Undergrad: 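Just passing along the structure, written as structure tokens.
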Amino acid sequence: MAKESIGMQPIKAVYPDGQAREIASPEEALAIFRHSTSHLMAAAVQDLFPGTRLGIGPATEDGFYYDFQTESPFHQEDLEKIEARMSELVRQDLEIQPFLWEKQAAIDYFRGKGEHLKVELIEERAGDTLSCYRLGEMVDFCRGPHMARTGLLADFKLLSNAASYWKGDEKREPLQRIYGTGFFSREDLQGYLHKLEEARKRDHRKLGKDLQLFHIFEMAGPGFVYWLPKGTTLRYELESFTRQEHLRRGYQFVTIPHLARNTLFKTSGHYSFFRENMYVLDIEEEEYVIKPMNCPGHILIYKTGLHSYRDLPIRYAEFGTVYRYEKSGTLHGMLRVRGFTQDDAHIFCTPDQVYSEVLGVIDFAEFILKTFGFEDYKIELSVWDPAHPENYAGTAENWQSAEDALRRALDEKGLRYARKEGEAAFYGPKIDMKLIDAIGREWQATTIQFDFNLPERFDVTYIGPDSAKHRVIMIHRALFGSIERFTGVLLEHFAGALPVWLSPVQVVLIPISERHHEYARQVQGRLTSAGLRVQMDDRNEKMGYKIREAQMQKVPFMLVVGDKEASGGLVSVRNRFQGDEGQCSVEDFLLRLQQLVATRAVQP
RNA sequence: GCCAGCGUAGCUCAGUGGUAGAGCAACUGAUUCGUAAUCAGUAGGUCGUCGGUUCAAUCCCGACCGCUGGCUCCA
């Protein structure tokens, strides 16, 4: 987030051999600087809270953290005390001093201090000799390098504290993490804090409230999104756009109920491996499940008849709403909810159709994402861990040919990707496409997954040219991912200023005084009957007031009408980005708007 | 779920152990206005919920609910 605000002065960092070397890359320099600041913080914490034991304390993208094992958790006031102590250590300008240690001596030292987490790390990672850094009283096992002295660590701020787990494992020791950030200069630090402020302004939760798009009610339950009229307009535009495109690309739409006997999900296997995420209820002494996935339903539809290889591929699509229990602490606006609608589809095909189907899906995904101006994605190809085939459904042959198809399709499209071994779900390899928004953040959207499990469990087949039954290949895919999440991402990406075709209100008419109301209504009628979403602000307020409100609502176009316009069939056009554009005829404006909508222009 | 912080009018936020205030929005009236806030008036709150301490709780304590930042997980 703060990439461009990295200070440029070259630094010298001290390596474990005691040598100071100049660091050429500004990113690396800043990371070293922050890593040293995290050591500074750890030293301050150990001064103030004797007996606090150390976890790890790396630099991160935007700052640093350090994990501690403490008797009692840190509080807000503690952060201030720690900051003050850090400043004190900066004033003392202590050396951050490297030295080498023989492994057993180091283990004895840390064990003697009760630092068993450090001992664990040393046992895992260290060779016969290892490097440590001393900062005041604190000695830390660390490969460095570090800034030479604490006096160089000027501008830092502690931001928050949080619980974490040793090695990120819920079953291991709970730790206390303190986050902070540091910069080479006060201006850079303030710039970063300012950026955090800016990011908050484009937070989809704030925009959703300000623009009256959606609401989550405490009374109705956390993680359940209610779409207000304006939000629903936006959602319907997204859906009808992608619905048309699905039909054009040979998908058929299906609709399934939200509730099923548990038998359906026992057959699919979700009842055992997805149980903790499912909502279950009793009806007449039978157990029912609220669907957490659409796939079993689509499979039932597939199985209503026999399918010849000539019928394949069959592509079933649905805006399928699913409900999943997510831990309360993970919920986040529209981006992480408990009920959401996937633009889901399942492709049933033969093995030799796999490649072209995957290619088709990738092409579709690119088309969709580019429509919103997302030109950059990060693609991950997740495959199994070949060392543990027993953890996966399907044969080695299945996995290999599926991976080949995914890989060839990515190559064909000229897309770069990272191959992630062991990251696949147990039921098949997958491609994830993460889009990168206007301020550089990544969001998971498109996912394309093979499924070797469900066709087996439901015995899903087709009749081949040999008149025998063959196991179908099933591909599960979602392009937006979920409509809730995608909408949230769009809002943040556009900072609420959505493209015209998606804007709940596309035009606001602003009559200058009451005598222009009638003309404004005529213009509104003309534009509305041509299919635009137009509102008229006929409140008894001054023009500037109405403009201000329309601007804050991010309405793409404001049409000011007064005497000059009413007499000539004109409107004065105000664009939310450029401001006053001058006059044009109602018909010219209409044509222009229709063009923007028809082409789904990202920028008017 | 775990740790910390937070929860006061539709929104943004003040506030105090003695049953609450501002700005904006809303409503009413005046004004009829040329590219980001016209003026005046009115109305609006069981201070998240439930318990406890107290003569008295929005304030202190506890539990619960929810939100925020993280951890874990994920569309």
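In what follows, every heavy atom counts, from backbone to side chain, and hydrogens, waters and symmetry copies are set aside. Values in this document were obtained by computation on a predicted structure and should not be read as measured data. Lettering of chains follows the sequences in order, A, B, ..., and the numbering in each one begins at 1.
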Undergrad: What would the secondary structure line of RNA chain B be in dot-bracket form, counting Watson-Crick and G-U wobble pairs under 3.5 Å, with [ ] for pairs that cross earlier ones and | for pairs with another strand?
TA: (((((((..((((....[..)))).(((((.......))))).....(((((..]....))))))))))))....
Undergrad: For A:F589, which residues count as a ring-ring contact (aromatic ring centres under 6.0 Å, His included) partner, sequence neighbours excluded?
TA: A:F557
Undergrad: With RNA chain B as reference, determine whether A:H215 or A:E514 sits nearer its 5' end, using the nearest nucleotide of each.
TA: A:H215
Undergrad: Can you find an N or O donor on one side and an acceptor on the other, under 3.5 Å apart, linking the side chain of A:R515 with the base of B:U32?
TA: no
Undergrad: Taking only residues two or more places apart in sequence or in another chain, which ones pass ring-ring contact (aromatic ring centres under 6.0 Å, His included) with A:Y65?
TA: A:Y179
Undergrad: Listed by chain and number, what are the side-chain hydrogen bond (donor to acceptor under 3.5 Å, both in side chains) partners of A:Q524, not counting sequence neighbours?
TA: none
Undergrad: Rounding to an integer number of angstrom, what distance separates B:A14 and B:C71 when you compare their C1' atoms?
TA: 34 Å
Undergrad: Rounding to the closest angstrom, what is the interatomic distance between B:A37 and B:C3 at atom P?
TA: 49 Å
Undergrad: What integer number of Å spans the C1' atoms of B:A26 and B:A9?
TA: 11 Å
Undergrad: Between A:R592 and A:E581, does any side-chain N to carboxylate O distance fall below 4.0 Å?
TA: yes
Undergrad: If a pair satisfies salt bridge (charged side-chain N to carboxylate O under 4.0 Å, His left out) and one of its residues is in residues 208-230 of chain A, list it, with sequence neighbours excluded.
TA: A:K206-A:D210
Undergrad: Tell me, please, which residues at least two apart from A:Q603 pass side-chain hydrogen bond (donor to acceptor under 3.5 Å, both in side chains).
TA: none
Undergrad: Tell me whether the OP1 or OP2 atom of B:C3 has a side-chain N or O from A:Y65 closer than 4.0 Å.
TA: no
Undergrad: Among residues at least two apart in sequence or on other chains, which ones pass ring-ring contact (aromatic ring centres under 6.0 Å, His included) with A:Y251?
TA: A:H246, A:F364
Undergrad: When every nucleotide of nucleotides 65-75 of chain B is labelled 5' to 3' by its protein contacts under 4.0 Å (heavy atoms), B for base, S for sugar-phosphate only, - for none, what sequence of letters results?
TA: BSSSBBBBBBB
Undergrad: Verify the distance criterion only: is there a donor paired with an acceptor across the side chains of A:T447 and A:Q449 at less than 3.5 Å?
TA: yes
Undergrad: Write down the distance separating the P atoms in B:G70 and B:G62, rounded off to the nearest Å.
TA: 27 Å
Undergrad: Holding to ring-ring contact (aromatic ring centres under 6.0 Å, His included), I want the full list of residues that pass it with A:F74, two or more places apart in sequence or in another chain.
TA: A:F49, A:F68
Undergrad: Name the residue closer to the 5' end of RNA chain B, choosing between A:R539 and A:Q583 according to the nucleotide with the nearest heavy atom.
TA: A:R539
